[in-house]
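Here the structure comes first, spelled out in structure tokens, and everything after it is commentary.
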Amino acid sequence: MSRSPTRVMFVCLGNICRSPTAHGVFRDKVAQAGLADRIEIASSGTGDWHIGKPPDARAARAARARRVDIDDLRAQQVTAQDLADFDYVLAMDADNLASLQTLYRATPQARAEVDLFMRFSNDYRNQSVPDPYFGGDRGFELVLDMIEDASAGLLADIRRRWAGID
Ligand code: 4NP
């Protein structure tokens, strides 16, 4: 099969809490489905404060408790080129989405589908994933609950897209 992989990027503010969590959860889900060679996954932040840093220790710990390892990930900032290179660029909250839409309008080659990640959720449809950075551990559990739910819907959407072109 010579089809190019479907490319997915998750975006939050700092790329140390929510989007690396989504990256890790969705990466495991894709691997478990045997699709690691057909779906490429990345994550980034709209801000630049944490570039090069590993995930927040609280996010990494909460993920590990659900058997998801995100220790290998390093923060980066989203670029205009990402909006040309990725098929889906999925924002964790409405502020991140607004930032991406501004970048999109300024990028002639942009072609990604830019939306809220929770568009693909059943239980949290079209909600923002609350920023857990300044809160307690409960916030990180909610982040994981929301991401696990939307990951299933996203994988189903990608499969539907493939069915349309196969
Ligand atoms: P994230 O969380 O956007 O989920 O990675 C945050 C991380 C850092 C900051 C804000 C949110 N910060 O202000 O440094």
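Counting convention: from 1, in listed order, for ligands and their atoms alike. These numbers come from the heavy atoms of this one structure, side chains and all, not from hydrogens, waters or symmetry mates.
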### Message
Applying a heavy-atom cut-off of 4.0 Å, say which part of Met92 lies close to ligand 1: side chain, backbone, both or neither.
### Response
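Answer for Met92: neither.
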Checklist entry - Hey, is Asn15 touching ligand 1 through its side chain, its backbone, both or neither, going by heavy atoms under 4.0 Å? => result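 Looking at Asn15 and ligand 1, just backbone atoms fall under 4.0 Å.
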Which residues pass the salt bridge (charged side-chain N to carboxylate O under 4.0 Å, His left out) test with Asp115, not counting sequence neighbours?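 Partners of Asp115 by the salt bridge (charged side-chain N to carboxylate O under 4.0 Å, His left out) criterion, ordered by chain and then number, come out as Arg119.
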| Derivation of the side-chain hydrogen bond (donor to acceptor under 3.5 Å, both in side chains) call for Asp82 and Thr79 | CA-CA 5 Å; Asp82 292 331; Thr79 68; 3.3 Å; yes
I would like to know whether Ser44 and Asn15 meet side-chain hydrogen bond (donor to acceptor under 3.5 Å, both in side chains); could you show each step before the answer?
CA-CA 5 Å; Ser44 66; Asn15 192 211; 5.8 Å; no
Would you say Ser19 has any N or O atom under 3.5 Å from an N or O of ligand 1, going by distance alone?
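No; the residue has no nitrogen or oxygen that sits under 3.5 Å from a nitrogen or oxygen of the ligand.
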Fill in: Polar proximity ligand 1 side, Pro132 side, N/O cut 3.5 Å exclusive
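No; the residue has no nitrogen or oxygen that sits under 3.5 Å from a nitrogen or oxygen of the ligand.
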By the definition side-chain contact (heavy atoms from CB on, under 4.5 Å), identify the one residue from Val25, Leu154, Ile147 that meets it with Phe10.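 Passing option: Leu154.
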Quick test of your reading: applying salt bridge (Lys or Arg N to Asp or Glu O under 4.0 Å), list the pairs with at least one residue in residues 21-37, sequence neighbours left out, ordered by first then second residue.
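Output for this query lists Arg27-Asp72.
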Using a 4.0 Å cut-off to any heavy atom of [X], which atoms of ligand 1 qualify?
X	value
Cys17	1 (P), 2 (O), 4 (O), 5 (O)
Asp131	2 (O), 6 (C), 10 (C), 11 (C)
Ile16	5 (O), 7 (C), 8 (C)
Gly14	1 (P), 3 (O), 5 (O)

To the nearest 0.1 Å, how far is [atom] from its closest protein heavy atom, and which atom is that?
atom	result
atom 1 (P) of ligand 1	Cys12 SG, 3.5 Å
atom 9 (C) of ligand 1	Tyr133 CD2, 3.6 Å
atom 14 (O) of ligand 1	His50 NE2, 2.8 Å

Please assess Glu141 against Arg58 for the test salt bridge (Lys or Arg N to Asp or Glu O under 4.0 Å), listing each intermediate value before the final yes or no. CA-CA 10 Å; Glu141 295 303 323; Arg58 298 163 297 169; over 6 Å; no
Is it the case that Arg111 and Tyr104 place a side-chain donor and acceptor less than 3.5 Å from each other?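 No donor-acceptor contact under 3.5 Å links the two side chains.
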Exercise. Establish, from distance only, whether the side-chain atoms of Tyr88 and Asp157 form a donor-acceptor pair under 3.5 Å.
Key: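 The answer is yes; a qualifying pair exists.
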